[in-house]
Amino acid sequence: MRRYPVLNLWVDDCNMEKALAQVMEYVDKGEKVHTIFASNPEKNYSVPKDAFLYDMFRKADLLIPDGIGMVLASRLLYNTDVQRVPGCELMQNICKMSADKGYKIFIYGAKKEVNEAAVDELKTRHSSIQIVGSQDGYLSDDEMDGLIDRINASKAQILFLALGSPKQEMWISRYRTQLKNVRVCQGIGGTLDVLAGTVKRAPDFFCKMGIEWLYRLISEPKRLKRQIRLPFFAAQVIQAKLLRK
Ligand code: UDP
C-alpha cells in the first residue's frame, strides 16, 4: 500500500476494504507483530515532538486515515482516492471478521467496567467471537510481565490497545518483541467507551459528512484545545499544495 507524506506525518492509500484485507493477510501470514495506528491532523503536531514516537509512526505497518483531515489533505496534495477509515469502525469490522474467521482477540485498555461492558457488547453482537482475554488499562509497570504472559498464553492473534494516544503507541513499541502470537495490534483510543455506551459516537449525519470532529467538539468542549490546530493544519496543507506547483 502506498504511503503519502502529509505535512509532518504520513497516511496510507487506504479504504476500509483494503485495511481489512491487509489485517487478514497479516494474521494469515503468521509473521511478526504488525502495528495499526491512526493518522490524523492532531497527531501531525504532537507525534513529531517525540523522536521515538515519530519513528514508531514511520515504521507502523498501517497508518489509517482516521479523520477527514488526512483524507482531504492527501487528496489535495496527491490527487489520491484515499478514503476515511475511522479507527473505531475498523476495530468493529476486525471483530466481525475475526468472529467469521476464528481469529483470537485480546482487549487491553479503558476502565474496568468499560472494558467489561465493551467485551459483553461484542459477544452479544457476534456469538462466535473469540475474545480470549481482556484487561483494563490501569496496570502499573510492575504488572506488565504478568500481562504479557497472559496475552501469550491466550494465543491471541489480534490485540486491541485502548490506552489513548500516545500511551498505546508507546506500549506496543516497548513490548512488541515479547508478544509471541499477536500478529496485529491496533491502537483504538476511546473505542471501548463507544462500545460500552459511556461515550456516544456522533450521529450518522456527522459521520457521513466527515464532520465527526465537530460533533465531538460540541459534546466535549474540552477538546477545543486539541482541535484548535485544525485550521492551522488546513492552512499548512494549502500552502504545501501551492508550493508544490
Ligand atoms: N486509558 C487507559 N489507561 C490510561 C489512560 C487512558 O486505559 O492510563 C483509556 C481511557 O480509559 C479511555 C482511552 O484510554 O478509554 C482514551 O480515550 P481517548 O478518547 O482519550 O483516546 P484518543 O483516541 O483521543 O487518543
Side-chain angles (χ1 to χ4, degrees), residues 9 11 19 35-50 53-54 56-57 60 62-70 84-95 105-122 131 133-144 146-148 150-151 159-175 185-202 206-207 210-230 233:
L9 221 57
V11 72
T35 49
I36 305 178
F37 296 155
S39 184
N40 63 36
E42 280 168 14
K43 291 182 188 169
N44 180 69
Y45 298 101
S46 57
V47 170
K49 284 188 187 151
D50 183 310
L53 187 62
Y54 194 46
M56 280 304 110
F57 267 78
L62 195 54
L63 279 178
I64 54 169
D66 186 41
I68 193 73
M70 283 315 217
R84 273 180 83 225
V85 181
C88 175
E89 280 174 32
L90 178 62
M91 184 269 184
Q92 295 177 62
N93 286 334
I94 292 177
C95 286
I105 296 172
F106 197 105
I107 300 183
Y108 169 40
K111 292 187 185 132
K112 190 168 188 291
E113 60 278 14
V114 170
N115 183 298
E116 285 170 1
V119 168
D120 285 349
E121 171 63 21
L122 288 167
I131 300 178
S134 61
Q135 172 62 53
D136 71 73
Y138 293 88
L139 288 183
S140 65
D141 279 357
D142 294 348
E143 293 170 297
M144 282 309 156
L147 174 64
I148 300 288
R150 277 182 53 214
I151 296 173
L159 172 64
F160 291 119
L161 288 178
L163 304 172
S165 190
K167 211 169 175 185
Q168 58 203 20
E169 290 87 1
M170 293 303 228
W171 190 94
I172 190 62
S173 55
R174 188 158 165 203
Y175 296 105
C185 181
Q186 185 192 354
I188 58 169
T191 302
L192 299 184
D193 298 85
V194 174
L195 278 171
T198 47
V199 170
K200 290 260 168 295
R201 207 175 166 213
F206 288 87
C207 297
I211 50 172
E212 209 171 337
W213 58 270
L214 179 61
Y215 176 82
R216 292 190 79 178
L217 184 59
I218 297 166
S219 51
E220 292 173 71
K222 66 176 186 321
R223 296 184 77 90
L224 181 64
K225 218 171 120 203
R226 289 166 66 164
Q227 295 191 341
I228 200 88
R229 287 177 170 146
L230 281 174
F233 177 80

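Below, each value reflects all heavy atoms present in this structure, side chains not excepted, and no hydrogens, waters or symmetry copies. This one's a predicted model, so the numbers in the text were calculated from it and none came from an experiment. First listed ligand is number 1; within each ligand, the first listed atom is number 1.
Ring geometry for Phe57 against Phe37 counts as tilted: the plane angle lies between 30° and 60°, on a 0 to 90° scale.
Atoms of ligand 1 found under 4.0 Å from any heavy atom of Ser165, numbered from 1 in the order shown, are 25 (O). When each atom of ligand 1 is checked for a heavy atom of Lys111 under 4.0 Å away, the hits are 11 (O). Near Gly190, with a cut-off below 4.0 Å to any heavy atom, the atoms of ligand 1 are 17 (O), 18 (P), 19 (O), 21 (O), 23 (O).
Contacts between Ala38 and ligand 1, counted as non-hydrogen atom pairs separated by less than 4.0 Å, are absent for every part of the residue.
Using modelled atom types and a 3.5 Å distance limit, the side chains of Glu169 and Ser165 yield a donor-acceptor pair.
Side-chain atoms of Val194 and Met91, non-hydrogen and from C-beta on, never get closer than 4.5 Å to each other. Using a 4.5 Å heavy-atom cutoff, the side chains of Leu147 and Trp171 are in contact. Residues Gln135 and Phe106 are in side-chain contact: their nearest non-hydrogen atoms beyond the backbone lie under 4.5 Å apart.
With distances taken over non-hydrogen atoms, the option nearest atom 9 (C) of ligand 1 out of Ala162, Gly109, Gly137 is Ala162. With distances taken over non-hydrogen atoms, the option nearest atom 16 (C) of ligand 1 out of Gly164, Ala118, Gly187, Ala196 is Gly164.
Taking only nitrogen or oxygen atoms, main chain and side chain alike, Ala110 reaches within less than 3.5 Å of ligand 1.
Taking a 4.0 Å cut-off on heavy atoms, Asp193 registers as neighbouring ligand 1. Within the structure, ligand 1 lacks Val114 among the residues with a heavy atom less than 4.0 angstrom away.
When atom types are taken as modelled, the side chain of Gln92 and the backbone of Glu89 share no donor-acceptor pair closer than 3.5 angstrom.
Every side-chain contact (heavy atoms from CB on, under 4.5 Å) that Ala196 has, sequence neighbours left out, goes to Val114, Ala117, Thr198.
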